[in-house]
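One structure is given here, and the rest of the page talks about it.
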Amino acid sequence: MPELPEVETVRRGLVPVMEDARIAKLERNRPDLRFPFPPRFKARLEGSTITALARRAKYLLAHLDSGEVLIMHLGMSGSFHVRAGAQTGERVADGAYYERDRDPRHDHVVFHLDGPAGRATVTYNDPRRFGFMDLAAVGDLPQNRFLRDLGVEPTGNELDGVLLAGLLTGRHTSLKAALLDQKTIAGLGNIYACEALWRAGLSPRRLARSVAGKDGAGTERSSRLAEAIRSVIADAIEAGGSSLRDHRHTDGSLGYFQHEFAAYDRDGEPCRKPGCSGHIERIVQSGRSTFFCPVCQR
DNA sequence: ACATAGACCTGTTGGC
DNA sequence: TGCCAACAGGTCTATG
């Protein structure tokens with residue numbers, strides 16, 4: 001499911017109920033997701049207070065007053081749902097759309113929170129169970145196996161043409177695959193890699209190192225691509241992410257960036273680039289769908 | 001060191 | 001209508 005914009009949207013939805021809230025009780029309904037939960041998971045969380053809810057790439061990081069950090073990844077189908085004001089076990093009558101639709105068999109972790117704004121429950125639901133959670137001391141985060149190799153964030157101004165050119169230098173793989181590699185840029189997934197390449201007018205099949213040359217053409221391409229990545233991620237965050245199948249805001253509402261897709265899931269449609277006569281095609285690269293316009297993406 | 005398959009899961013969809 | 005193959009916002013692990 002979620003790429004960086006969706007995770008950031010989820011984070012913003014969780015902040016009001018999670019930050020400065022005490023975990024009064026935690027339910028862990030199975031021993032594992034993609035990986036086993038860390039030892040004494042429930043005991044290490046119950047009674048501690050969440051001091052900050054941060055994000056790194058597609059990971060949510062709940063900093064605790066115990067000195068540990070709860071690391072959470074949503075995999076392909078993970079979602080969080082907030083129900084404010086409810087006591088443990090309490091039924092709520094105003095069940096939102098998502099409340100009714102979600103399959104309770106896949107509610108794997110439930111946080112019962114006691115915060116400045118009152119009580120709330122936060123439920124983690126994940127049908128495919130590709131998500132996972134880990135706990136680490138805050139000082140150990142840089143060495144954490146999930147976080148240590150992550151590349152640059154595509155938010156803010158750090159990612160520019162020069163940096164991107166350096167990251168792609170010598171890379172003998174497709175440009176699309178290089179963008180999906182979390183060691184290069186952390187947070188891009190299949191949708192936003194496709195969209196960024198469309199915005200930049202670069203073919204996903206192009207060799208990654210061809211966007212890195214020290215010559216003028218390579219520099220020009222890497223600048224265009226860096227700008228495209230930053231803009232598509234910023235636009236998607238502003239739209240609350242993309243809701244195709246699983247992604248929902250924590251209150252059950254939908255993101256709407258899917259309406260702004262130019263390439264993703266639009267095979268057969270005319271290319272939206274002004275003056276372009278091409279049509280979007282779907283190809284498969286390293287086992288995953290790529291959508292692009294073969295006319296204006298070179 | 002680096003780059004590509006395979007694996008992990010469940011649910012939905014489209015074609016016959 | 002029913003069945004089944006293909007596919008889905010990801011990434012760790014093994015293999016070349």
Side-chain angles (χ1 to χ4, degrees), chain A residues 1-11 30-36 55-60 71-80 101-108 124-134 144-151 154 167-197 204-205 207-209 212 229 232-233 235-237 239-249 254-261 263-268 282-291:
Chain A
M1 159 209 154
E3 306 182 31
L4 189 155
E6 289 74 38
V7 177
E8 176 60 21
T9 300
V10 168
R11 188 191 72 80
R30 49 177 301 127
D32 55 34
L33 293 172
R34 177 168 179 189
F35 307 110
R55 180 193 57 74
R56 171 75 171 109
K58 302 174 191 172
Y59 291 87
L60 288 171
I71 302 163
M72 299 177 279
H73 195 289
L74 284 63
M76 289 281 266
S77 59
S79 65
F80 282 95
D101 271 27
R102 197 184 63 233
D103 187 337
R105 287 178 306 162
H106 300 127
D107 287 348
H108 304 309
Y124 179 70
N125 181 282
D126 188 355
R128 295 178 72 180
R129 302 200 302 277
F130 286 172
F132 48 90
M133 297 189 186
D134 193 17
N144 180 269
R145 68 168 180 137
F146 299 117
L147 306 177
R148 65 189 172 208
D149 295 324
L150 292 172
L167 292 169
L168 298 177
T169 297
R171 298 285 296 276
H172 192 80
T173 187
S174 72
L175 184 53
K176 165 85 180 310
L179 294 186
L180 288 180
D181 182 351
Q182 301 297 296
K183 295 192 284 297
T184 314
I185 298 166
L188 291 186
N190 208 34
I191 290 176
Y192 300 111
C194 290
E195 292 298 312
L197 288 167
R205 296 192 274 212
L207 219 49
R209 62 185 183 194
I229 291 167
V232 77
I233 291 294
D235 290 351
I237 290 173
S242 305
S243 294
L244 293 182
R245 281 165 284 276
D246 299 314
H247 171 63
R248 299 240 178 195
H249 298 184
L254 302 172
Y256 52 89
F257 191 74
Q258 65 277 13
H259 303 302
E260 295 179 44
F261 290 169
Y264 186 84
D265 213 15
R266 293 195 179 279
D267 54 316
R282 175 185 176 273
I283 60 172
V284 175
Q285 292 181 290
S286 51
R288 313 198 60 191
S289 292
T290 297
F291 300 88

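Numbers restart at 1 for each chain; the letters A, B, ... are given by sequence-line order, proteins then strands. Computed from a predicted structure; not experimentally measured.
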**Asked** What integer distance in Å separates L244(A):CG from dT13(B):P?
**Response** 12 Å
**Message:** Students often get this wrong, so: under 4.0 angstrom with heavy atoms, is F261(A) touching a base, only sugar-phosphate, or nothing?
**Reply:** nothing
**Message:** Between R171(A) and D181(A), is the salt bridge (charged side-chain N to carboxylate O under 4.0 Å, His left out) condition met? List the steps.
**Reply:** CA-CA 11 Å; R171(A) 298 285 296 276; D181(A) 182 351; 3.1 Å; yes
**Message:** Between dA14(C) and dC9(B), how far apart are the two P atoms, rounded to whole Å?
**Reply:** 15 Å
**Asked** Quick one: does L150(A)'s side chain get under 4.5 Å of Q182(A)'s, heavy atoms only?
**Response** yes
**Prompt:** When we call it a touch if two heavy atoms are under 4.0 Å apart, what does T173(A) touch: a base, just sugar-phosphate, or nothing?
**Reply:** sugar-phosphate
**Item:** P-based separation of dG11(B) from dT1(C) [nearest Å]
**Value:** 22 Å
**Request:** Verify the contact: side-chain N or O of K183(A) to OP1 or OP2 of dC2(B), cut-off strictly under 4.0 Å; return yes or no.
**Result:** no
Is there any protein nitrogen or oxygen under 3.5 Å from a nitrogen or oxygen in nucleotides 13-16 of chain C, and what are the pairs?
unit_1  : atom_1 : unit_2  : atom_2 : d
dT13(C) : OP1    : R145(A) : NH1    : 3.2

**Message:** With a 4.5 Å cut-off on side-chain heavy atoms, are L74(A) and S79(A) touching?
**Reply:** no
**Item:** Derivation and outcome, side-chain contact (heavy atoms from CB on, under 4.5 Å), residues V7(A) and H73(A)
**Value:** CA-CA 9 Å; V7(A) 177; H73(A) 195 289; over 6 Å; no
**Prompt:** Going by heavy atoms in the side chains, are Y192(A) and S242(A) under 4.5 Å from each other?
**Reply:** yes
**Message:** Between P on dA3(B) and CG on L179(A), what's the gap in Å once rounded to a whole number?
**Reply:** 13 Å
**Item:** Verdict with reasoning, T290(A) to L197(A), per side-chain contact (heavy atoms from CB on, under 4.5 Å)
**Value:** CA-CA 10 Å; T290(A) 297; L197(A) 288 167; 5.8 Å; no
**Message:** For a quick check of understanding: with a heavy-atom distance under 4.0 Å over all strands, which category does T9(A) fall into, base, sugar-phosphate or nothing?
**Reply:** nothing
**Message:** Judged by each residue's nearest nucleotide on DNA chain C, which is more toward the 5′ side, Y59(A) or S243(A)?
**Reply:** S243(A)
**Asked** For Q182(A) and dT11(C), is the shortest distance between a side-chain N/O and OP1 or OP2 below 4.0 Å?
**Response** yes
**Nearest-angstrom distance from the residue atom CG of L207(A) to P of dC2(B)** = 15 Å
**Prompt:** Taking the six-membered ring for Trp, are F291(A) and Y264(A) parallel (under 30°), tilted (30 to 60°) or perpendicular (over 60°)?
**Reply:** perpendicular
**Item:** Span that lies between the P atom of dA1(B) and that of dT11(C), in whole angstrom
**Value:** 22 Å
**Request:** Could you check how far CZ of R209(A) sits from P of dA3(B), rounded to whole Å?
**Result:** 10 Å
**4.5 Å side-chain heavy-atom contact, I233(A) and L188(A)** = yes
**Request:** Could you check whether the rings of F35(A) and F146(A) sit parallel, tilted or perpendicular, using 30° and 60° as the cut-offs?
**Result:** tilted
**Item:** Where DNA chain C forms stems, i.e. three or more consecutive Watson-Crick or G-U pairs with both distances under 3.5 Å
**Value:** B:2-8 with C:10-16, B:10-16 with C:2-8
**Asked** Under 4.5 Å between any side-chain heavy atoms of D126(A) and D246(A), yes or no?
**Response** no
**Asked** Between dG10(C), dC12(C), dA8(C), which one does the side chain of E3(A) approach most closely?
**Response** dG10(C)
**Asked** Taking the side chain as C-beta and beyond, is there a heavy-atom pair between K176(A) and N190(A) under 4.5 Å?
**Response** yes
**Message:** If I take atom CG in residue D32(A) and atom C1' in nucleotide dC12(C), what distance separates them, rounded to the nearest angstrom?
**Reply:** 15 Å
**Message:** For a quick test of reading the model: is some side-chain N or O of H73(A) closer than 4.0 Å to OP1 or OP2 of dG10(C)?
**Reply:** no
**Item:** Rounded distance in Å - OH (Y264(A)) to P (dC7(C))
**Value:** 12 Å
**Message:** Rounded to whole Å, please give me the gap between CG in D246(A) and P in dC7(C).
**Reply:** 18 Å
**Message:** Using every non-hydrogen atom in the two residues, find where G189(A) and K58(A) come nearest and quote the distance to one decimal.
**Reply:** CA-NZ, 3.8 Å
**Fill in**
With B for base contact, S for sugar-phosphate-only contact and - for none (protein heavy atoms under 4.0 Å), nucleotides 7-12 of chain B reads -BBBS-
